[in-house]
2 protein chains.
Amino acid sequence: MKNRLKVLRAERNWTQNDLAQALEVSRQTVNAIETGKFDPSLPLAFKAARLFQLPIEDIFSDQED
Amino acid sequence: MKNRLKVLRAERNWTQNDLAQALEVSRQTVNAIETGKFDPSLPLAFKAARLFQLPIEDIFSDQED
DNA sequence: AATTTATGTCAAGCACATTTGACATAAAGT
DNA sequence: ACTTTATGTCAAATGTGCTTGACATAAATT
């Protein structure tokens, strides 16, 4: 599962910690998702989609990286 | 998390078992998701989206039912 | 040069997604 | 009436999402 979180953060000049707080998860969770350690749950993906006002498919993509 | 799996199945006259095989998960998993026992993983949501050729948001919605 | 900030990573633990195998029930088919 | 099919549900096991706390390192700040 690839994702554009790092880019979306960079566009907003947000740290992993900023994003973690916005998503109400831990910094380690954001880091683990960004670095491909695991996939977010569907509810967390929805939360990110709402936050960035993008479809889930525009943030996450189903292919390996 | 609400979802339209039951309707999408019905439109195609598919059983839970049919859907489970198409998604490569167990029948119990499909049943549990349909009956709201738990949310699918993000990869499984992507698989359903691909199967039905719909955006994830058109199959699952982030509100409780 | 010393301190703070951002990122990456590890380990232990809890919660939840998914499995298999089983059983119950209602509806449909024979 | 009997059998099969579809659905719902349970229990135990396994894997993964997510937590906190901790430590390391590199970059930025002072």
Side-chain angles (χ1 to χ4, degrees):
Chain A
M1 182 84 50
K2 275 182 64 182
N3 70 74
R4 295 184 57 243
L5 292 181
K6 194 169 183 167
V7 173
L8 293 167
R9 269 198 310 110
E11 287 174 353
R12 288 155 183 81
N13 212 30
W14 287 355
T15 67
Q16 289 186 344
N17 206 40
D18 292 336
L19 177 54
Q21 288 183 251
L23 295 175
E24 297 176 288
V25 294
S26 68
R27 179 183 70 83
Q28 287 88 335
T29 292
V30 168
N31 184 79
I33 292 168
E34 282 194 7
T35 58
K37 297 281 185 311
F38 51 68
D39 302 325
S41 67
L42 184 55
L44 184 51
F46 265 101
K47 220 165 182 177
R50 242 181 297 125
L51 177 62
F52 292 117
Q53 304 199 69
L54 288 171
I56 288 178
E57 284 89 344
D58 281 14
I59 304 180
F60 303 95
S61 66
D62 202 15
Q63 41 178 351
E64 312 299 320
D65 49 348
Chain B
M1 182 86 46
K2 276 182 63 182
N3 69 75
R4 296 185 54 241
L5 292 180
K6 193 168 184 169
V7 173
L8 293 167
R9 268 197 311 109
E11 286 173 354
R12 287 156 183 79
N13 211 30
W14 288 355
T15 67
Q16 289 185 345
N17 207 39
D18 292 336
L19 178 54
Q21 289 183 250
L23 294 175
E24 297 175 291
V25 293
S26 69
R27 179 183 70 83
Q28 287 87 336
T29 291
V30 168
N31 184 80
I33 291 168
E34 282 195 6
T35 57
K37 297 281 185 310
F38 51 71
D39 302 324
S41 67
L42 184 55
L44 183 51
F46 265 101
K47 221 164 181 177
R50 241 182 298 125
L51 178 62
F52 292 117
Q53 305 199 70
L54 288 172
I56 289 178
E57 284 89 344
D58 281 15
I59 303 179
F60 303 95
S61 64
D62 202 14
Q63 41 176 355
E64 312 297 323
D65 50 349

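In what follows, chains carry the letters A, B, and so on, assigned in the order in which the sequence lines appear, proteins first and then strands, with residues in each chain numbered from 1.
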Can you tell me how far [atom2] of [N] sits from [atom1] of [X], to the nearest Å?
X: A:Gln21; N: D:dT20; atom1: CD; atom2: C1'; answer: 15 Å
X: B:Met1; N: C:dC16; atom1: CE; atom2: P; answer: 13 Å
X: A:Gln16; N: C:dT5; atom1: CD; atom2: P; answer: 16 Å
X: A:Gln28; N: C:dG8; atom1: CD; atom2: P; answer: 12 Å
X: A:Asn17; N: D:dG21; atom1: CG; atom2: P; answer: 14 Å
X: B:Asp18; N: D:dA6; atom1: CG; atom2: P; answer: 7 Å
X: B:Arg9; N: D:dT5; atom1: CZ; atom2: C1'; answer: 13 Å
X: B:Leu44; N: D:dT16; atom1: CG; atom2: P; answer: 14 Å

Residue pair [X] / [Y], side-chain heavy-atom distance below 4.5 Å:
X: A:Asp39; Y: B:Ser41; answer: no
X: B:Glu11; Y: B:Arg4; answer: yes
X: A:Ile33; Y: A:Val25; answer: no
X: A:Asn13; Y: A:Asp18; answer: no
X: B:Leu5; Y: B:Phe52; answer: yes
X: A:Leu42; Y: A:Ile56; answer: yes

Of the nucleotides [options], which one has an atom closest to the side chain of [X]?
X: B:Arg27; options: C:dT20, D:dC18, D:dT9; result: D:dT9
X: A:Val25; options: C:dC23, C:dT7, D:dT19; result: D:dT19
X: A:Phe38; options: D:dT9, D:dG21, D:dG17; result: D:dG17
X: A:Pro40; options: C:dT20, D:dC18, C:dG8; result: D:dC18

Exercise. So what does A:Asp39 hit on the nucleic acid, given a heavy-atom distance under 4.0 Å: a base, only sugar-phosphate, or nothing?
Worked result: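 It contacts sugar-phosphate atoms only.
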For this session: Please state whether the base of D:dG8 and the side chain of B:Glu34 form at least one donor-acceptor pair under 3.5 Å?
Result: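 Donor-acceptor pair under 3.5 Å: no.
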For this session: Map A:Ile33 and B:Lys6 onto DNA chain D by nearest heavy atom, then report which one ends up closer to the 5' terminus.
Result: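 The residue whose closest nucleotide sits nearer the 5' end is B:Lys6.
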Problem set entry | Intermediate values then yes/no, side chain to side chain contact (heavy atoms under 4.5 Å, CB included), B:Leu51 and B:Leu19 | CA-CA 9 Å; B:Leu51 178 62; B:Leu19 178 54; 3.6 Å; yes
For this session: Give a yes or no on whether the backbone of A:Trp14 and the side-chain of A:Arg9 come within a donor-acceptor separation of less than 3.5 Å.
Result: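 Yes, A:Arg9 side chain to A:Trp14 backbone: donor-acceptor pair under 3.5 Å.
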Problem set entry | Terminal axis angle for the helix from C:dA1-D:dT30 to C:dT30-D:dA1, five pairs an end, nearest 10 degrees |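 Roughly 40° between the end axes, to the nearest 10°.
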[N] phosphate, OP1 or OP2, under 4.0 Å from [X] side-chain N/O:
X: A:Asn31; N: C:dT7; value: no
X: A:Ser41; N: C:dC16; value: no
X: A:Ser26; N: D:dC18; value: no
X: A:Thr29; N: D:dT19; value: yes

Exercise. Taking the nucleotide of DNA chain C with the closest heavy atom to each, which residue, B:Ala32 or A:Lys37, is nearer the 5' end?
Worked result: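 The residue closer to the strand's 5' end, by nearest nucleotide, is A:Lys37.
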